[in-house]
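Reading through the structure tokens given below for one structure.
Because the structure is a prediction, the values reported are computed rather than measured. Whatever order the structure lists ligands and atoms in, that order sets their numbers, starting from 1. Counting begins at 1 with the first residue of the sequence.
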Amino acid sequence: MVFDTERLVVRELTMGDTDFVIDILNDPDFIRNVVDRGVRTKEDAENYLLEGPLKSYRDHGYGLFAVELKPGQKIKQGQIETDNKVADKPIGLCGLIKRDFLAAPDIGFAFLPDFRGQGYAKEAAMGTLRLARDELHIPQVMAITSKENVDSMTLLIKLGMKMSGTVTYPGSGEELNLFIKDL
Ligand SMILES: CC(C)(COP(=O)(O)OP(=O)(O)OC[C@H]1O[C@@H](n2cnc3c(N)ncnc32)[C@H](O)[C@@H]1OP(=O)(O)O)[C@@H](O)C(=O)NCCC(=O)NCCS
């Protein structure tokens with residue numbers, strides 16, 4: 001476990017998370033707002049885990065983590081609330097990413113559709129900022145979002161991040177909004 005919050009456990013991803021990785025990376029909102037990583041098969045997901053999050057944990061001591069619900073949390077699907085029976089299956093990703101083109105690590109998050117709009121992303125992101133400041137002693141974090149990603153920008157502003165111009169994403173050439181927060 002990396003940290004926990006009132007309702008969530010945040011832990012490192014493992015090679016056992018391939019089904020979840022396929023689900024989250026192929027969520028249509030993820031593909032539209034973030035990127036299509038082309039991860040479709042178990043083998044693709046294993047490569048993604050090895051070259052992405054697991055490599056980042058080794059190289060930097062942080063990366064994108066898995067977010068799980070603590071047992072007993074209610075799950076809201078539409079108007080219906082049920083008890084959480086899917087303990088140990090992640091509901092989202094949250095963490096820090098070191099990118100060559102940004103001066104500070106950036107905070108990233110993505111949740112499966114059933115687990116949005118319930119404050120879980122904010123709870124995980126606030127825990128991530130605490131981790132960055134108190135354990136990793138990172139002085140500043142950044143965030144990048146596509147200009148259309150209102151949900152993400154709303155969350156970043158709630159986290160106290162300040163919009164600070166734009167940055168061009170190498171490769172795609174897309175101009176992204178840049179947010180910064182001093183910790
Ligand atoms: C971006 C993303 C993570 C935001 O998730 P989210 O669920 O909207 O964010 P939150 O966790 O802050 O939930 C916000 C809403 O839950 C509501 N909510 C319900 N119960 C709540 C609770 N107990 N505590 C806090 N908020 C709660 C809040 O009212 C809030 O709505 P508001 O915007 O009207 O204030 C999500 O849209 C997503 O995964 N998108 C796809 C991937 C993506 O774009 N990632 C970002 C890349 S930069």
Side-chain angles (χ1 to χ4, degrees), residues 3-10 13 17 20-39 45 48 52-53 56 62-70 72-84 86 89-99 101-102 104-132 141-172 174-181:
F3 64 84
D4 69 342
T5 65
E6 188 188 339
R7 299 181 293 173
L8 306 171
V9 172
V10 176
L13 286 154
D17 287 313
F20 163 69
V21 162
I22 291 169
D23 283 354
I24 194 103
L25 297 187
N26 289 289
D27 167 54
D29 293 321
F30 186 95
I31 289 182
R32 193 179 65 248
N33 293 328
V34 188
V35 68
D36 183 0
R37 297 224 170 272
V39 171
Y48 166 81
S56 180
Y62 57 77
L64 272 183
F65 303 118
V67 181
E68 287 176 358
L69 277 184
K70 283 184 174 171
Q73 292 303 324
K74 301 285 184 202
I75 298 179
K76 207 174 77 199
Q77 277 158 327
Q79 296 304 309
I80 302 161
E81 247 190 23
T82 51
D83 283 326
N84 171 29
V86 287
K89 185 159 191 290
I91 63 168
L93 292 171
C94 188
L96 297 159
I97 305 163
K98 183 76 197 89
R99 301 183 197 265
F101 64 96
L102 291 180
D106 80 288
I107 184 163
F109 35 69
F111 281 71
L112 292 170
D114 281 347
F115 302 98
R116 295 185 198 148
Q118 298 164 72
Y120 292 133
K122 183 175 170 212
E123 195 169 316
M126 285 175 68
T128 301
L129 292 178
R130 277 193 297 273
L131 173 85
V141 288
M142 296 184 166
I144 44 175
T145 75
S146 80
K147 293 186 169 179
E148 292 76 40
N149 197 347
V150 175
D151 289 346
S152 174
M153 289 189 274
T154 303
L155 176 52
L156 291 170
I157 290 163
K158 280 190 224 162
L159 295 173
M161 302 204 59
K162 299 269 179 299
M163 206 173 126
S164 157
T166 60
V167 62
T168 304
Y169 194 78
S172 72
E174 190 188 352
E175 200 175 65
L176 302 172
N177 284 337
L178 175 69
F179 289 77
I180 299 184
K181 182 179 171 76

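- Distances below 4.0 Å separate heavy atoms of T145 from the following atoms of ligand 1: 48 (S).
- Where the criterion is an N or O separation shorter than 3.5 Å, residue side chain and backbone included, D29 fails it with respect to ligand 1.
- Across all non-hydrogen atoms, the minimal contact from D17 to P90 is OD1-CG, 3.9 Å.
- If you look at I144 next to ligand 1, the close heavy atoms, those under 4.0 Å, all belong to the backbone.
- Remark: ligand 1 and D27 share no N or O pair separated by less than 3.5 Å (distance only, no angle test).
- With rounding to the nearest 0.5 angstrom, the CG atom of L131 is 14.0 Å from the CE atom of M126.
- T154 places a side-chain N or O within donor-acceptor distance of the main-chain N or O of V150, the cut-off being under 3.5 Å.
- Within the 4.0 Å heavy-atom criterion, the part of K158 lying near ligand 1 is the side chain and not the backbone.
- Of all heavy-atom pairs spanning F111 and A124, the tightest one is CZ-CB, 3.9 Å.
- Per-residue contacts place D151 under 4.0 angstrom from the following atoms of ligand 1 (heavy atoms of the residue considered): 37 (O).
- Distances between N or O atoms of F109 and those of ligand 1 include at least one value under 3.5 Å.
- Of the possible donor and acceptor atoms, one in the side chain of K70 sits under 3.5 Å from a partner among the backbone N and O of T5.
- Atoms of ligand 1 found under 4.0 Å from any heavy atom of N149 (numbered from 1 in listed order, with element): 43 (C), 44 (O), 46 (C), 47 (C).
- Residue Y120 has at least one heavy-atom neighbour below 4.0 Å for each of these atoms of ligand 1: 11 (O).
- With sequence neighbours excluded, the residues that form a salt bridge (Lys or Arg N to Asp or Glu O under 4.0 Å) with K147 are E175.
- The side-chain heavy atoms of I97 and S56, taken from C-beta on, include no pair separated by under 4.5 Å.
- The nearest non-hydrogen atom to atom 13 (O) of ligand 1, considering only G119, P28, G92, comes from G119.
- One finds the CG atom of D36 at 9.0 Å from the CG atom of L25 (value rounded to the nearest 0.5 Å).
- Which parts of ligand 1 touch L155 is read off a 4.0 Å heavy-atom cut-off, strictly below it: atoms 12 (O).
- The side-chain heavy atoms of F65 and P53, taken from C-beta on, include no pair separated by under 4.5 Å.
- The residue among S146, P113, G108, G117 with a heavy atom at the shortest distance from atom 7 (O) of ligand 1 is G117.
- One option in R116, E123, R7, M126 has a heavy atom closer to atom 41 (C) of ligand 1 than any other, and that option is R116.
- Per-residue contacts place A121 under 4.0 angstrom from the following atoms of ligand 1 (heavy atoms of the residue considered): 3 (C), 5 (O), 9 (O), 10 (P), 11 (O).
- The distance from the CD atom of E68 to the CD1 atom of I91 is 9.0 Å, given to the nearest 0.5 Å.
- Heavy-atom proximity to N33, at under 4.0 Å, picks out these atoms of ligand 1: 44 (O).
- Near K122, meaning under 4.0 Å from one of its heavy atoms, ligand 1 places the atoms 10 (P), 11 (O), 12 (O).
- With respect to the salt-bridge test (charged N to carboxylate O, under 4.0 angstrom), the residues D151 and R116 do not qualify.
- For T154, no nitrogen or oxygen atom sits less than 3.5 Å from a nitrogen or oxygen atom of ligand 1, counting backbone and side chain alike.
- At a heavy-atom distance under 4.0 Å, no atom of E6 approaches ligand 1.
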